[in-house]
Amino acid sequence: MLVSGVLFLVFVVAGFLVQVPYVAISPGPTYDTLGRDAAGSPVIQVKGQQTYGTSGELRMTTVSLNDGINLFTALGLWASGRYALAPREEYYKPGETNEQVKQENIQQLQNSQSNAQVAALRHLGYPVQVVAKQIVSGSPADHILAPGDKLIAVNGKQVREAAEVAASIVNTKPGDSVQVTFQHLGQPERTVPVTLAQREDRTQGFLGLTAVDRAVAPFSVDISLQDVGGPSAGLMFTLAIIDRLTPPGKPGSDLAGGRHIAGTGEISETGQVGPIGGISFKVVGAKEAGATDFLVPEHNCAEAKSAAPEGLNLIKVSTLDDALKQLDNLKAGRPVEHC
């Protein structure tokens, strides 16, 4: 009995003190992108341009991740039926701290917001430029190009989207000379030869820059949302920007039409909707927040169907134009494409 008692005591102490290599996942909070954040500021803020009222909600969804849990906490959360346990290594790289993960999620959110602005303004007809975002120190592009330079052509090929910059040198090799046409801070265009370098992670020539699309508009769009990370809010941000900037009666205005619509999905600068993680928890969170309809990335449909609460209408989307079409059909009472 004494031995058993000691072993039981050790087990109890270990259960409270020893962290398990798992994280607990559950439905997270949702946010109406047409509404206000926790501080009372509009989630979508447009300065220098008229915006328009809307009805209903376009609600983005999140997943909560609990790390650093002990054995008893993990068992309790799992037994509740609301949480799932997953190996920590699926969400954290070896040796990665919570702060590092937080910063990565913030960066992903910022990229998502940038993509949403470009996709929305491109859809609304504003011109889009390709600009240099980062220049690798010591690379061939260093001291020739600077962040913010407008890229016009690379290796004799016009670039109209950021992805075309990398595509233009796919068939090159180290030592090749390519022509780069660019514009720095409104100065006249310049075309300069750049000799590509070698890099271990690729066989093609290395230029040394990353490019992004930037919409050119006489106003600014800011997205205000605190304590949220990751890339999956891009679609809902994009729809909210279009809704706010579209006059009543025009296609793209009052997208929700008084309904409580939720959704998720990464957005590219060209309006492609990509799959995300945690869809089974997001549909639950959306239903709990009062949503009746949920926009689902096409590649997440099977998982969403297996977890969706009763009464939640799952609408399949693959592009921004597709999402706008489905919302228009929903508002008009026409059939929509379900998962």
Side-chain angles (χ1 to χ4, degrees), residues 29-62 109-110 112-128 215-228 232-265 267 269 271 273 282 285-296 312-313 315 317 319-336:
T30 67
Y31 303 89
D32 179 18
T33 56
L34 295 174
R36 296 179 178 272
D37 62 14
S41 300
V43 174
I44 305 297
Q45 302 181 58
V46 180
K47 299 178 182 178
Q49 179 75 359
Q50 182 178 358
T51 57
Y52 304 92
T54 187
S55 61
E57 297 179 347
L58 293 174
R59 190 167 286 275
M60 57 162 284
T61 52
T62 68
L109 177 66
Q110 291 172 346
S112 173
Q113 293 172 346
S114 176
N115 287 356
Q117 293 176 31
V118 173
L121 296 181
R122 189 196 298 270
H123 172 81
L124 292 171
Y126 291 94
V128 175
V216 181
F219 56 86
S220 64
V221 179
D222 296 316
I223 299 176
S224 173
L225 200 59
Q226 304 298 319
D227 301 323
V228 176
S232 63
L235 173 62
M236 304 311 288
F237 285 148
T238 306
L239 294 173
I241 294 170
I242 292 173
D243 200 326
R244 286 297 189 196
L245 289 171
T246 304
K250 300 288 186 179
S253 68
D254 193 23
L255 291 174
R259 299 176 72 94
H260 295 272
I261 297 170
T264 188
I267 194 78
E269 294 165 322
V273 178
K282 292 179 178 181
K287 181 64 175 178
E288 292 176 349
T292 54
D293 307 277
F294 194 101
L295 302 179
V296 183
L312 186 64
N313 181 30
I315 303 172
V317 298
T319 66
L320 173 60
D321 288 343
D322 189 22
L324 291 167
K325 178 182 177 181
Q326 298 303 321
L327 290 177
D328 186 53
N329 288 341
L330 189 67
K331 186 167 64 172
R334 295 189 293 267
V336 297

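Please read these numbers as outputs of a predicted model, since none were measured by experiment.
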Verdict with reasoning, Arg59 to Thr30, per side-chain hydrogen bond (donor to acceptor under 3.5 Å, both in side chains): CA-CA 6 Å; Arg59 190 167 286 275; Thr30 67; 3.0 Å; yes
Side chain to side chain contact (heavy atoms under 4.5 Å, CB included) between Arg36 and Val43, intermediate numbers included: CA-CA 5 Å; Arg36 296 179 178 272; Val43 174; 5.6 Å; no
Gln117/Ile241 under side chain to side chain contact (heavy atoms under 4.5 Å, CB included): CA gap, chis, key distance, verdict: CA-CA 7 Å; Gln117 293 176 31; Ile241 294 170; 4.0 Å; yes
Candidate pair Lys282 and Ser232, rule side-chain hydrogen bond (donor to acceptor under 3.5 Å, both in side chains), full reasoning: CA-CA 11 Å; Lys282 292 179 178 181; Ser232 63; 2.8 Å; yes
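Enclosure of atom NZ in Lys331 by more than 12 non-hydrogen atoms of other residues, nucleotides or ligands within 6.0 angstrom is indicated.
Note that the CE atom of Met236 and the CD1 atom of Ile44 stand 10.5 Å from one another [nearest 0.5 Å]. Taking OG1 from Thr319 and NZ from Lys325, the interatomic distance works out to 9.5 Å, rounded to the nearest 0.5 Å. We find the CG-OG1 distance between Asp243 and Thr33 to be 8.5 Å, quoted to the nearest 0.5 Å. Taken from CD in Gln113 to CD1 in Ile223, the straight-line distance is 4.5 Å, to the nearest 0.5 Å. Within the model, atoms OH of Tyr52 and NZ of Lys250 stand 10.0 Å from one another, a figure rounded to the nearest 0.5 Å. Here the NZ atom belonging to Lys287 is positioned 11.5 Å from the NE2 atom belonging to His260, to the nearest 0.5 angstrom.
Closest non-hydrogen pair, Ala291 versus Ala262, comes out as CB-CB, 3.8 Å. Closest approach of Leu58 to Ala256, counting heavy atoms only: CD2-CB, 4.3 Å. Across every non-hydrogen atom of Leu239 and Ala323, the tightest pair is CD2-CB, 4.4 Å. Minimum heavy-atom separation, Ala119 to Leu320: O-CD2, 3.8 Å.
Panel note: side chain Asp254, backbone Ser55; a donor-acceptor pair is recorded below 3.5 Å. Looking only at distances, a side-chain donor or acceptor of Thr238 sits under 3.5 Å from a matching main-chain atom of Gly234.
Just one of Ile315, Asn313, Asp293 meets the side chain to side chain contact (heavy atoms under 4.5 Å, CB included) condition when paired with Ile261; it is Asp293.
Val46 is listed as a side-chain neighbour of Leu245, based on a closest heavy-atom distance under 4.5 Å. Side-chain contact between Phe294 and Thr264: present, with at least one pair of heavy atoms (C-beta onward) separated by less than 4.5 Å. Taking the side chain as every heavy atom from C-beta outward, Leu324 and Ile242 approach each other to under 4.5 Å. The side-chain heavy atoms of Leu255 and Asp328, taken from C-beta on, include no pair separated by under 4.5 Å. Put simply, the side chain of Asn115 does not reach to within 4.5 Å of the side chain of Phe237, judged on heavy atoms. Inter-residue side-chain proximity for Leu34 and Arg244 is flagged as met; some heavy-atom pair is nearer than 4.5 Å.
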Atom pairs and distances, donor-acceptor, side-chain atoms in residues 120-128, under 3.5 Å, two or more places apart:
| from | atom 1 | to | atom 2 | distance (Å) |
| --- | --- | --- | --- | --- |
| Arg122 | NE | Glu269 | O | 3.1 |
| Arg122 | NH2 | Asp213 | OD2 | 2.9 |
| Arg122 | NH2 | Glu269 | O | 3.4 |
| His123 | ND1 | Asp321 | OD1 | 3.4 |

